[in-house]
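We count ligands from 1, going down the list as the structure has it; atoms in each ligand are counted the same way. Note: hydrogens, waters and symmetry copies are ignored here, and every other heavy atom, side chains too, is used.
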Amino acid sequence: MDKDKLPVMLFAIISLLMPAALSATDPLLNFCSADVRNSQFESNLERLLESLSSNTSIAGGFYNDTVGDGLDIVYGQALCRWDVNSTVCQNCVDEARQEIFKSCNKTDAMIWYELCQVRYSYQMFFQLMVYTGKYLDKDSQEKNVSNPHHFNDVLTYLMINLSGAAAFSPSKRMFATGKIKFSGKDTIYGLQQCTRDISPSDCHSCLNSALTDLLGCCSSQQGGTIVSRNCNVRFELFPFFNDTSNSLLIYPQSKADRWKKWKVVILVSASIILLAAIVFCTVHLWRKKGSEDVKDEEKSEQVLLQDLPSPTGVTITEEGMFIISEELAFMDLATIKIATNDFSDLNKLGQGGFGTVYKGLLPDGKEVAVKRLSKKSWQGLEEFKTEVVTIAKLQHKNLVRLLACSFEGEEKLLLYEFMPNKSLDVFIFDLERRAELNWKIYYNIIEGIARGLLYLHEDSRLKIIHRDLKPSNVLLDHEMVAKISDFGMARIFCDSQNTANTKRVVGTLSLLLTAPIFIFRTC
Ligand SMILES: *[C@@H]1O[C@H](CO)[C@@H](O)[C@H](O)[C@H]1NC(C)=O
Ligand SMILES: *[C@@H]1O[C@H](CO)[C@@H](O)[C@H](O)[C@H]1NC(C)=O
Ligand SMILES: *[C@@H]1O[C@H](CO)[C@@H](O)[C@H](O)[C@H]1NC(C)=O
Ligand SMILES: *[C@@H]1O[C@H](CO)[C@@H](O)[C@H](O)[C@H]1NC(C)=O
Ligand SMILES: *[C@@H]1O[C@H](CO)[C@@H](O)[C@H](O)[C@H]1NC(C)=O
Ligand SMILES: *[C@@H]1O[C@H](CO)[C@@H](O)[C@H](O)[C@H]1NC(C)=O
Ligand SMILES: *[C@@H]1O[C@H](CO)[C@@H](O)[C@H](O)[C@H]1NC(C)=O
């Protein structure tokens, strides 16, 4: 093996044990576990390793074999890097065969070299993907790059492109290399490979896990390697693979440009929200003050309500009872008590203006948020129920969905879809969690809030004004999609007769995303 052509790699365990004996043929890492092998297993293993060593290079750099049976069966697999020729592959597997046999006497082991990897086990592992990523401590990792943020972006761009190419290339090689221009003179070289027994989607998910680890450990350093059982990824600032293509990826946009674009988008959308809020507020105030007969207005709103088709399946009988429907179910109090552990403090998600919210687990396994209304509604029960059905009809991607309700005696409960990411305030008022949000997520959240409000104000025919929009009322689902909650509550709880109260607009200035957003509270 030509030592000059191969970069010397150092690794934690071996380098500590025998720093003087380093050569290009040292293993990167090894793994050795399970029981100590018996003599029958050992003789099977010898035959297996022999087979791997003589057949892998002939088979095109990937080979698996099984020797023995019963308790002493041995499964084995060897993989060479795609870009090395058969001589190099043969030598590497041969080296690995000797090393793995001598350095480990257990029944499950794996060894990684720069150019090949060999694994054996008493358990069948072919076609199974298990991510076990380990990163290697190397010289290059002690050297930092000069512009880590930009480096991280460019590296991510290259590696994501390569993971797609490696996993889904029609050649079924499960191997990809590439390079991308970084700053003036630097080029980043990347390599990714999977064992060829797993499916393309398993390969892709293995590589994605490895990339997450790689960016975590090494994204501001001049090189990094993650090895796992089924895949490995590596990048360096020098060519370390047999580079046969001349294509050089170009990073599409500089970060400064992107930031400028986001800034414009954020400012424009914030201004639109602000303007819309002011317009609606002004119109609302003017209407309340200017019109003599508020009664008439309400009458017309009632007419509007009656015009609406009743939601499919929901019927309000003369007694005001709900019939279970697809859109809004009526649930009995006992079921909700079980779901929330009798409103246990452990299930408490938060305390809102209109009541306490609990997490509930329904008998069918569905997670819900249960709002236990504490405030007394100014309306009678019938009007209250009508309002709830009305609110349930408001369905939009950016509104929290009301799933069911329950009324028994003084107890009034509303069941909403459960939001695993809680609310916006949890993120923006906490330094650590704020770091989890990037500008794309911020933009999506702002857009979601704007769409939700637009629907409430313009498209829903009911023209609901939220009156209490604040970060804690913007919930986030598992994909960080913003969903407005507590809309329509003012209709239930704010006494529209109490004009003195409705006229008072309290504006709270909140520093969200560096752009001011006004919050109006009227009840
Ligand atoms: C693999 O190698 C062994 C020798 O170690 C040989 O007997 C066997 O026939 C080879 N198998 C294939 C499929 O080439
Ligand atoms: C090699 O692995 C494949 C599955 O990936 C399996 O079908 C085949 O039997 C294995 N070959 C040997 C010799 O064990
Ligand atoms: C590099 O790849 C080319 C084409 O695949 C091959 O001809 C050449 O021998 C390889 N060089 C090395 C050093 O493996
Ligand atoms: C294989 O590649 C090595 C260097 O990587 C080279 O020295 C050797 O001549 C090549 N062998 C063949 C058969 O191409
Ligand atoms: C092999 O196992 C024995 C215990 O049975 C242990 O003492 C010995 O150190 C092991 N050898 C190696 C190379 O791991
Ligand atoms: C590289 O950066 C890390 C933190 O990012 C720092 O701890 C380390 O000392 C730096 N190393 C060098 C050689 O500058
Ligand atoms: C990688 O980038 C190249 C060049 O931009 C492009 O042609 C190719 O489709 C990309 N591959 C993947 C998997 O994204």
Side-chain angles (χ1 to χ4, degrees), residues 1-9 23-25 43-68 74-98 100-101 113-116 118 120 126 153-182 187-194 196-197 200-201 203-208 211 231 233 235 238-253:
M1 209 156 180
D2 189 343
K3 289 181 190 177
D4 292 333
K5 279 197 181 160
L6 297 166
V8 178
M9 307 188 76
S23 82
T25 56
S43 80
N44 288 343
L45 177 62
E46 267 181 299
R47 275 171 53 210
L48 173 87
L49 291 172
E50 188 113 343
S51 163
L52 293 181
S53 149
S54 48
N55 298 324
T56 305
S57 62
I58 306 165
F62 179 71
Y63 190 72
N64 62 290
D65 206 350
T66 317
V67 172
V74 193
Y75 300 90
Q77 188 179 76
L79 172 72
C80 285
R81 224 170 70 180
W82 177 267
D83 59 329
V84 299
N85 65 29
S86 62
T87 323
V88 173
C89 175
Q90 159 91 53
N91 288 344
C92 184
V93 176
D94 206 43
E95 182 77 32
R97 166 182 84 143
Q98 292 171 30
I100 202 170
F101 192 80
Y113 284 78
E114 192 193 348
L115 302 176
C116 69
V118 170
Y120 72 80
F126 306 151
D153 288 349
V154 176
L155 177 65
T156 307
Y157 181 78
L158 169 70
M159 290 313 235
I160 284 175
N161 182 292
L162 290 183
S163 70
F168 301 114
S169 92
S171 70
K172 302 255 191 292
R173 281 181 206 175
M174 302 245 166
F175 174 80
T177 57
K179 52 192 171 178
I180 190 165
K181 197 117 212 111
F182 171 44
T187 301
I188 309 173
Y189 295 83
L191 178 149
Q192 304 191 9
Q193 184 168 25
C194 291
R196 275 171 255 156
D197 56 334
S201 62
C203 172
H204 199 239
S205 81
C206 187
L207 291 174
N208 281 344
L211 283 190
C231 67
V233 300
F235 76 93
F238 55 85
F240 60 95
F241 48 83
N242 184 2
D243 186 15
T244 48
S245 85
N246 291 319
S247 66
L248 185 68
L249 281 182
I250 307 291
Y251 185 64
Q253 218 178 1

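Closest of all the heavy-atom pairs between Ser53 and Gln90 is O-NE2, 3.3 Å.
Atom 6 (C) of ligand 1 is not flagged as protein-proximal [any protein heavy atom, distance under 4.0 Å].
Cysteines Cys80 and Cys89: SG-SG separation is under 2.5 Å. A disulfide bridge connects Cys231 to Cys206: their SG atoms sit within less than 2.5 Å of one another.
Counting heavy atoms only, Asn85 comes closest to atom 8 (C) of ligand 4 of the residues Asn85, Asn91, Asp83, Thr87.
Atom 11 (N) of ligand 7 has its closest protein heavy atom at Asn161 ND2, 3.3 Å. Of all protein heavy atoms, the one closest to atom 13 (C) of ligand 1 is Tyr63 OH, 3.7 Å. Scanning the protein for heavy atoms near atom 12 (C) of ligand 1, the closest one is Asn55 OD1, 3.5 Å. For atom 4 (C) of ligand 1, the closest non-hydrogen atom on the protein side is Ser54 OG, 3.5 Å.
Using a 4.5 Å heavy-atom cutoff, the side chains of Arg81 and Phe175 are in contact.
Contacts of Leu249 with ligand 7, taken as heavy-atom pairs under 4.0 Å, involve the side chain alone. Contacts between Asn242 and ligand 4, counted as non-hydrogen atom pairs separated by less than 4.0 Å, are absent for every part of the residue.
Taking the six-membered ring where tryptophan is involved, the planes of Tyr75 and Phe126 are perpendicular, since the angle between them exceeds 60° and thus also 30°.
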Item to complete: Quick one: do Tyr189 and Phe240 satisfy ring-ring contact (aromatic ring centres under 6.0 Å, His included)? Show the steps, please.
Response: CA-CA 8 Å; Tyr189 295 83; Phe240 60 95; 7.2 Å; no

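Atoms of ligand 7 lying under 4.0 Å from at least one heavy atom of Ala165, given by number and element, are 13 (C). Each of the following atoms of ligand 1 lies closer than 4.0 Å to a heavy atom of Glu50: 5 (O).
Distance check, rounded to the nearest 0.5 Å: CG of Leu52 to CZ of Phe62 gives 10.0 Å.
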